[in-house]
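Any value given below was found using the heavy atoms of this structure, including those in side chains, with hydrogens, waters and symmetry copies removed. Start at 1 with the first residue, then count along the sequence.
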Amino acid sequence: MPVTTTVTALTGPATVGDYLKSVGAGTGEVADLIVVGVGADGEVAADTELAAALGVSAADVVAAYQLTGKPGQVAHVVAKVSERSVRVAFIGVGGRSAAELRRAGGEIGRLLRAGDVAIAPVPAGSHADGSPAASDDQVRAFAQGILLGSYRYTEKSAAEQPGSQVRLLGLAGPAGPGVDPDAGAGVTGSAAAAGVVDEAAAIAGAVALTRDLSNTPSVRKCPQWLGDAATTVARSPGAGLGLRIWNEQELAAAGFLGMIAVGSGSDRPPRLIELSYAPPGARLHVVLVGKGITFDSGGLSLKPNDAMKAMKTDMAGGAAVIAVMSALARLGVSHRVTGLVAAAENMPSGAAYRPGDVITQFGGRTVEVLNTDAEGRIVLADAMAYADAELAPDVIVDLATLTGAARIALGGVYGALYSTSDELAGALLAAGEASGDRLWRMPLVDEYAAALDSPVADLSNVAREEGQPGSITAALFLRGFTGARPWAHLDIAGAARSGADDGEITAGATGFGARLLLTWLTALTAGKSN
């Protein structure tokens with residue numbers, strides 16, 4: 001499970017020099033790691049106390065290592081602090097934008113060892129009196145980056161390691177005037193700093209939960225297991241969530257026959273997980289729908305072995321929905337939110353659904369199955385049709401590792417966004433840029449809808465002919481189950497997984513979508529988005 005890291009604001013010292021003075025005076029604890037930010041073009045603050053501890057100036061270190069300040073660039077040196085040798089990391093922070101600080105924070109998180117105490121000033125500008133001036137966005141991004149970069153998932157048998165602590169400098173000074181208005185809203189007091197850091201921790205915790213659920217091997221992970229995880233979330237103190245888990249008998253009786261078909265080849269039956277959040281006075285009702293395929297073999301349209309290796313993460317969209325629901329109360333989201341996770345295991349067996357089958361989705365539309373490996377859209381269609389018919393939401397957003405075509409088109413950085421609403425698409429794009437879960441809007445091309453025509457059913461689950469745009473036709477398939485409500489589809493097949501650590505992203509499941517949706521929902525609460 002992940003290494004536990006906490007981030008707090010350190011009261012008193014505002015700079016590394018101040019911190020070193022406090023250690024010399026016997027009022028500060030000697031840290032295991034000290035972080036020094038390096039800005040664009042190698043800019044670094046002069047600090048006589050740090051220079052004394054290093055034996056050279058910070059500028060000398062920058063020159064010796066030819067540091068450019070590129071975000072995430074790291075140079076390691078050692079300082080003598082109170083007769084102890086302490087690691088010092090010079091970290092590139094670029095122009096100190098939120099994206100640059102998330103990347104820098106991610107690299108700091110990866111430097112943390114079990115039990116470490118680290119000291120890190122938030123890279124920012126200065127007030128007129130020379131005191132540090134960090135905006136809310138900078139603090140939030142830096143803290144999130146540290147927390148996300150420190151994430152580790154392991155199944156190794158070694159004993160559990162103690163967590164680490166990162167203490168931020170420059171946030172806990174006395175209340176006073178904010179930063180330059182051009183720099184954004186300022187953090188000026190310890191209470192304000194603690195609030196912003198707590199918000200960052202809530203969102204980072206949701207990302208970590210998404211990663212945990214997605215990284216868990218499918219030998220343990222099945223639809224009921226995912227339901228149990230949602231139960232744990234719903235029963236957590238202060239979560240404010242209602243929960244219903246539909247079993248296979250209830251699904252069949254209610255007409256969720258797409259989910260029943262997809263799960264028919266497995267001896268671990270499907271579940272529909274329904275989490276509900278309804279704060280008093282809520283004006284909007286948002287439904288989030290997540291694909292929860294706990295393992296995808298492709299069914300009878302069997303995947304090659306290499307393509308199956310990452311399929312424990314095929315429920316990453318569902319994991320993100322559960323994690324988002326877990327953080328709504330803590331972040332003070334004021335709107336009603338329902339989270340639906342359509343969970344099934346897609347396996348081959350004598351009972352599995354077959355190419356050529358015609359299945360009836362929730363609500364009565366019939367679908368000809370041409371490829372059993374296009375199962376995600378089938379389970380999502382049931383959940384979305386249910387949301388439209390029974391929950392009457394103001395908006396539907398679905399999240400799914402749906403198509404290899406999206407990964408080919410956009411790689412691992414962007415999620416593909418399809419939407420019937422320009423307003424909704426704009427709000428999600430803005431949330432993606434603000435959060436770091438970036439989206440690229442793709443077209444819903446009506447002319448391609450004919451590729452899904454079927455001679456025996458209302459539509460087919462994939463295009464009949466080769467060469468069709470797979471991600472677009474998948475989105476067009478889903479659109480028919482939204483009841484013409486404002487809707488957005490996020491195809492995260494590329495962005496949900498990473499083969500390597502990169503900034504705040506860690507190898508394996510990335511947790512993509514959790515911070516995006518939480519950023520969007522908190523903006524809705526603040527009236528900054530529609």
Side-chain angles (χ1 to χ4, degrees), residues 286-291 316-317 320 361 365 367-368 370-371 373-381 383-385 387-388 393-454 458-497 512-513 516-517 519-520 523 529-530:
V286 175
V287 169
L288 306 177
V289 183
K291 174 184 172 184
Q361 304 272 178
R365 297 191 81 193
V367 172
E368 182 186 10
L370 300 181
N371 186 337
D373 195 23
E375 83 299 327
R377 67 200 69 183
I378 293 174
V379 300
L380 287 172
M384 290 165 60
D388 171 52
D394 297 291
V395 61
I396 299 172
V397 178
D398 77 80
L399 188 69
T401 51
L402 206 63
T403 68
R407 184 176 64 251
I408 291 169
L410 298 176
V413 174
Y414 287 90
L417 164 65
Y418 298 87
S419 184
T420 55
S421 164
D422 290 341
E423 187 175 49
L424 175 59
L428 289 169
L429 288 167
E433 289 299 318
S435 67
D437 280 349
R438 290 183 287 172
L439 299 171
W440 192 271
R441 191 173 185 185
M442 304 286 278
L444 282 165
V445 183
D446 287 328
E447 289 85 349
Y448 295 149
L452 297 174
D453 287 347
S454 167
D458 293 327
L459 72 167
S460 59
N461 74 327
V462 296
R464 288 188 168 278
E465 298 179 0
E466 296 290 334
Q468 295 296 324
S471 183
I472 296 175
T473 55
L476 290 168
F477 177 93
L478 292 175
R479 183 179 65 176
F481 295 90
T482 63
R485 296 181 188 277
W487 160 72
H489 162 56
L490 310 182
D491 189 338
I492 62 170
R497 311 176 183 106
F512 189 95
L516 159 72
L517 293 175
T519 299
W520 171 58
S529 176
N530 296 306

Between Asp491 and Leu402, is there a donor-acceptor pair closer than 3.5 Å when you use the side chain of the first and the backbone of the second?
yes
Sub-4.5 Å side-chain heavy-atom contact between His489 and Leu444:
no
I want to check something: taking the side chain as every heavy atom from C-beta on, are Val397 and Leu399 in contact at a cut-off of under 4.5 Å?
no
Using atom types as modelled and distance alone, determine if a side-chain donor or acceptor of Arg365 lies under 3.5 Å from a backbone N or O of Gly480.
yes
Taking all atoms of both residues into account, what is the closest heavy-atom pair of Gly415 and Ala495, and its distance?
N-CB, 4.3 Å
Between Arg485 and Pro393, is there a donor-acceptor pair closer than 3.5 Å when you use the side chain of the first and the backbone of the second?
yes
Do Asp388 and Thr482 have side chains that approach each other closer than 4.5 Å (heavy atoms only, starting at C-beta)?
no
Looking at every heavy atom in both Ala463 and Leu452, which two are closest together, and how far apart are they?
N-CD2, 3.8 Å
I'd like to check Arg464 versus Glu368 (side-chain heavy atoms, cut-off strictly below 4.5 Å). Are they in contact?
yes
Which atom of Leu478 lies closest to which atom of Arg377, heavy atoms considered
CD2-O, 3.6 Å
Do the ring planes of Phe477 and Phe481 sit parallel (below 30°), tilted (30 to 60°) or perpendicular (above 60°)?
tilted
Which distance, rounded to the nearest 0.5 Å, do you find between the CG of Asp398 and the CH2 of Trp487?
6.5 Å
What heavy-atom pair brings Gln361 and Ile378 nearest, and what distance separates the two atoms?
NE2-O, 3.1 Å
Separation between OG (Ser435) and CG (Leu428), nearest 0.5 Å, reads 10.0 Å
From the list Leu370, Asp373, Thr473, side chain to side chain contact (heavy atoms under 4.5 Å, CB included) partner of Asn461 resolves to Leu370
Least distance between heavy atoms, Val367 atom then Ser460 atom:
CG1-C, 4.2 Å
Looking only at heavy atoms, which two atoms of Val462 and Ala374 are closest? And how far apart?
CG1-CB, 3.3 Å
Side-chain touch Thr519/Asp437, heavy atoms, less than 4.5 angstrom:
no
Measure from the side-chain N and O atoms of Thr420 to the backbone N and O of Pro486, and report whether any donor-acceptor pair falls under 3.5 Å.
no
Arg479, Arg441, Met442 screened by side chain to side chain contact (heavy atoms under 4.5 Å, CB included) with Tyr418, the one that passes
Met442
Does Lys291 reach the side chain of Ile492, with side-chain heavy atoms less than 4.5 Å apart?
no
Which of parallel (below 30°), tilted (30 to 60°) and perpendicular (above 60°) describes Tyr414 and Trp440?
perpendicular
